Amino acid sequence: MKKFSLILVLLVSIVLLSSCKNSSNVFDFILDESYDSFVTMATSADYAPYEFIEEGSDGKNTVSGVDIEIAKEIARALGKNLRVIHKNFDFLIEDVRSGKVDFIIAGITPTPSRAEIIDFSKSYYTEESVEQVVLIHEDNAAAYATVESLNTTGLRVGAQTGTIQVEFAQLFTPLATLKAISDINELMNNLTNKQIDALYTEGPVADVRINQGAPFVKIVLDQALDYEGNAIGVKKGNTELLAVINSVIDQLILENKITEWLSYYSA
Ligand code: ARG
């Protein structure tokens, strides 16, 4: 019995320790040794090509993607190092509203209701609107060829908590059962394993998964085109920071950097 409890304690500690190791959600980037402070940005790093967790050259996890490149440029323009905090998407708006972080970049669509809570930069997305899609398992491509065919009682559709995709799911497939979870990686796995039948997401994110070999096909949601690109969020009234951010965006667009990063991180 004693031996059994000892083993149990050991097992529990191993589980706890290993989860601690992976739960570091703060990533510091020293951009210049002479900078003496950090600017803090929050994101939800489950969204390649915008932001994702990967193994860095030192073997430790790091956060990468188009949005991280943009954040580094903003930090440089401010003469500060960059601290990136990775958390669930549905916390981001509140974190910047309350001043917990300086800005948020997470492939965020600047919707009118969000713009009542925080201020948005100009769009940094190079096309007018981001393609909205629904992903289907390739085995079901023939059965569900249109969004209308997904509006069926008993079907399970997924979307990331707090995103506009939840609204699309409610709008376009109200008869289906909505499974909203905070981690889009988990939703992608659910679709691979057919635990859900469809997943609402965005074109660039869908394309990365398909290019990586995920067994998905996409249905383009032409019905959902009125949203304009992606923007960076700051606390309401923080015009000083917003001006710096907007000029960094102008410069990056001028130098074609965003397009370059998009194709680099989509490959
Ligand atoms: N563009 C969508 C929205 O703003 C989804 C963004 C999800 N971003 C992420 N990093 N997971 O609601």
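Every value quoted in this text rests on a predicted model; they were computed, and no experiment measured them. Numbering of ligands and ligand atoms starts at 1, following listing order. Numbers here simply count residues along the sequence, with the first being 1.
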Polar atom proximity, [X] to ligand 1 (N or O, under 3.5 Å):
{"X": "T43", "answer": "no"}
{"X": "A106", "answer": "yes"}
{"X": "T163", "answer": "no"}
{"X": "N230", "answer": "no"}
{"X": "Y47", "answer": "no"}
{"X": "I164", "answer": "yes"}

Among protein heavy atoms, which sits nearest to [atom], and what does the distance come to when rounded to 0.1 Å?
{"atom": "atom 3 (C) of ligand 1", "value": "R114 NH1, 3.4 Å"}
{"atom": "atom 6 (C) of ligand 1", "value": "G107 O, 3.4 Å"}
{"atom": "atom 5 (C) of ligand 1", "value": "Q165 OE1, 3.3 Å"}

*Could you tell me whether the side chain of I68 reaches within less than 4.5 Å of the side chain of M41, counting heavy atoms only?*
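The answer is yes; the side chains approach within 4.5 Å.
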Could you verify whether a donor N or O on one side chain and an acceptor N or O on the other, from [X] and [Y], lie under 3.5 Å apart?
{"X": "K87", "Y": "N25", "value": "no"}
{"X": "R76", "Y": "N81", "value": "no"}
{"X": "Q160", "Y": "Q165", "value": "no"}

List ligand 1 atoms under 4.0 Å from [X], heavy atoms only on the residue side.
{"X": "I108", "answer": "4 (O)"}
{"X": "E51", "answer": "10 (N)"}
{"X": "F89", "answer": "3 (C), 4 (O), 6 (C), 7 (C), 8 (N), 9 (C), 12 (O)"}
{"X": "D46", "answer": "9 (C), 10 (N), 11 (N)"}
{"X": "S44", "answer": "9 (C), 10 (N), 11 (N)"}
{"X": "Q160", "answer": "7 (C), 9 (C), 11 (N)"}

*asked:* Under the side-chain contact (heavy atoms from CB on, under 4.5 Å) test against F120, which residue among I108, N230, T109, L242 passes?
replied: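 Of all the options given, the one that passes is I108.
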*If you look at every heavy atom in T161 and S182, which pair is closest and at what distance?*
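Nearest pair, atom of T161 first, then S182: OG1-N, 3.3 Å.
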*Taking all heavy atoms of S266 and all of V208, pick out the closest pair and write down the distance.*
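That closest heavy-atom pairing would be CA-CG2, 3.8 Å.
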*Between T111 and ligand 1, find which residue part has any heavy-atom pair under 4.0 Å and reply side chain, backbone, both or neither.*
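Neither part.
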_I need the contact type for H86 against ligand 1. Using non-hydrogen atoms and a strict under-4.0 Å cut-off, is it side chain, backbone, both or neither?_
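The answer is neither; H86 stays 4.0 Å or more away.
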*Is F27 reachable from F91 through a run of hydrophobic residues whose side-chain heavy atoms are each under 4.5 Å from the next?*
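No; F27 is not reachable from F91 via cluster members.
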*Between K235 and D102, is there a salt bridge with N-O shorter than 4.0 Å?*
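No.
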*Give a yes/no verdict on whether any heavy atom in I184 is under 4.0 Å from an atom of ligand 1.*
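No, that is not the case, since the closest heavy atom of the residue is not under 4.0 Å from the ligand.
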*Let me see the working for T163 and Y200 under side-chain hydrogen bond (donor to acceptor under 3.5 Å, both in side chains), right down to the final yes or no.*
CA-CA 10 Å; T163 64; Y200 283 82; over 6 Å; no
_My understanding is that only one of Y265, Y47, Y124, W261 makes a side-chain hydrogen bond (donor to acceptor under 3.5 Å, both in side chains) with D67; could you say which?_
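Only one option passes, and that is Y124.
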